[in-house]
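Note: hydrogens, waters and symmetry copies are ignored here, and every other heavy atom, side chains too, is used.
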Amino acid sequence: MAAVQLQIHLQEQRVWEHNFGLRNGQEGPVIGKMFGVLVVQAEQGELGFLAAFSGKLAGSNHHAYFVPPVFDSLTEGSFLNLGMAALTQLNNQIKALSTETPTVGNQVLQAELMAQRKLHSLALQEQLFEEYHFLNQGGEVKTLRQLFKKESGKNPPAGAGECAGPKLLQYAFQHKLQPLAMAEFWWGQSPKSVHWQHGHFYPACQEKCAPILAHMLQGLID
């Protein structure tokens, strides 16, 4: 019932515009999206549900009807925005040098800038991993890096922490809501790399969500 209500909302709302590839004449690239619902119970006993989308929707992390992200990387003046601006500047310098007449000095400077860009990118990614903090029902908090290091000994993949499931559970725990049931469905055209079907339900992904959900669902499932 919660999923159907969300799907009706997606069909009827006109506040934001996102090209799911379902209507003719829409502008911009076609980007299907995974959505999720979480049925919850408040401390007073009332039942309701939360809704979330994976990644960004219509270029934003925030829309009415949906829970916020675990960490908002689009905040103006954030370390990520400033860091990306610095990367853009380095890229422009490297590109400018590549168009000049090759000299030993230019080649040395270009190599130095490329090494600087790599270090800056890695540092930015490392800091981003530390900004995602995930709760569970017991109030235990772990970072994205901690969860993936424990599970696989590797760094998290790109986009980890941005899926609908973790967003829903995070909001529920932050607001003392008891999770009861969760479901995720695909809305829009399927990307070429996978074969998701519009309106069909799918389990949480293993690559990005398994270590996160294993922590967040402690005490809720066996």
Side-chain angles (χ1 to χ4, degrees), residues 16-21 26-34 52-63 66 68-134 142-167 170 186 188-196 205-212:
W16 44 264
E17 182 73 18
H18 182 100
N19 188 1
F20 295 106
Q26 287 187 289
E27 297 181 355
V30 175
I31 305 175
K33 187 70 58 178
M34 197 73 78
F53 50 86
S54 61
K56 300 172 183 62
L57 180 65
S60 176
N61 279 326
H62 298 274
H63 292 284
F66 298 99
V70 176
F71 169 68
D72 188 0
S73 60
L74 297 181
T75 302
E76 186 175 354
S78 69
F79 80 90
L80 186 60
N81 282 343
L82 295 175
M84 292 304 293
L87 280 177
T88 298
Q89 186 176 4
L90 287 169
N91 284 331
N92 291 338
Q93 289 177 286
I94 294 168
K95 184 178 180 180
L97 285 171
S98 68
T99 62
E100 296 180 4
T101 303
T103 65
V104 173
N106 279 355
Q107 291 174 341
V108 170
L109 180 56
Q110 189 173 14
E112 290 176 350
L113 289 173
M114 291 175 69
Q116 184 180 344
R117 179 180 63 181
K118 182 178 180 179
L119 289 174
H120 184 74
S121 180
L122 289 173
L124 200 60
Q125 188 67 70
E126 295 290 323
Q127 188 175 356
L128 184 61
F129 292 155
E130 295 298 330
E131 292 295 331
Y132 283 83
H133 300 86
F134 298 94
K142 289 190 177 182
T143 67
L144 196 59
R145 172 182 295 285
Q146 287 175 314
L147 294 173
F148 277 84
K149 285 291 185 181
K150 178 182 177 182
E151 181 73 18
S152 63
K154 300 179 181 178
N155 282 329
E162 291 294 322
C163 295
K167 290 183 181 181
Q170 185 83 349
W186 181 258
Q189 288 187 17
S190 175
K192 294 180 180 179
S193 58
V194 292
H195 300 285
W196 293 324
C205 63
Q206 289 293 312
E207 181 188 11
K208 296 180 181 180
C209 290
I212 300 172

Measure the shortest side-chain to side-chain distance between N155 and K149 over non-hydrogen atoms and say whether it is less than 4.5 angstrom.
yes
So which atom in Q107 and which in P102 form the shortest heavy-atom distance, rounded to 0.1 Å?
NE2-CB, 4.2 Å
What distance do Q127 atom CD and Q125 atom CD have between them, rounded to the nearest 0.5 Å?
11.0 Å
Side chain of Q170, backbone of H133: donor and acceptor closer than 3.5 Å?
yes
Of all heavy-atom pairs between P156 and A160, which one has the smallest distance, and what is that distance?
CB-CB, 4.0 Å
Are any non-hydrogen side-chain atoms of E162 and Y132 less than 4.5 angstrom apart?
yes
How long is the span from the OG1 atom in T88 to the CZ atom in R117, to the nearest 0.5 Å?
11.0 Å
Are any non-hydrogen side-chain atoms of S98 and Q110 less than 4.5 angstrom apart?
yes
Check: E100 and L97 side chains under 4.5 Å, non-hydrogen atoms
yes
List in chain and number order the residues that pass ring pair (Phe, Tyr, Trp, His ring centres under 6.0 Å) with H63, two or more places apart in sequence or in another chain; answer none if no residue qualifies.
W16, F53
The reported gap from CD in Q89 to CG in L113 (rounded to nearest 0.5 angstrom) is 10.0 Å
Which heavy atom in N19 sits nearest to a heavy atom in G28, and how many Å separate them?
ND2-O, 2.9 Å
Euclidean distance, K167 NZ relative to N61 CG, rounded to 0.5 Å
6.0 Å
Validation row: W186, P191 side chains within 4.5 angstrom (heavy atoms)
yes
Can you tell me how far the NZ atom of K95 sits from the CG atom of L90, to the nearest 0.5 Å?
14.5 Å
Heavy-atom pair with the smallest gap, counting every atom of L144 and F129
CB-O, 3.4 Å
May I ask you to decide if W196's main-chain N or O and S190's side chain share a donor-acceptor pair within less than 3.5 Å?
yes
Do L124 and M84 come within less than 4.5 Å of each other through their side chains, counting heavy atoms only?
yes
When rounded to the nearest 0.5 angstrom, what distance separates CG in D72 from NE2 in H62?
3.5 Å
Within the distance-only criterion (no hydrogens, no angle test), does the side chain of T99 pair as donor or acceptor with the backbone N or O of A96 below 3.5 angstrom?
yes
Distance-minimising heavy-atom pair for A158 and K208
O-CE, 3.1 Å
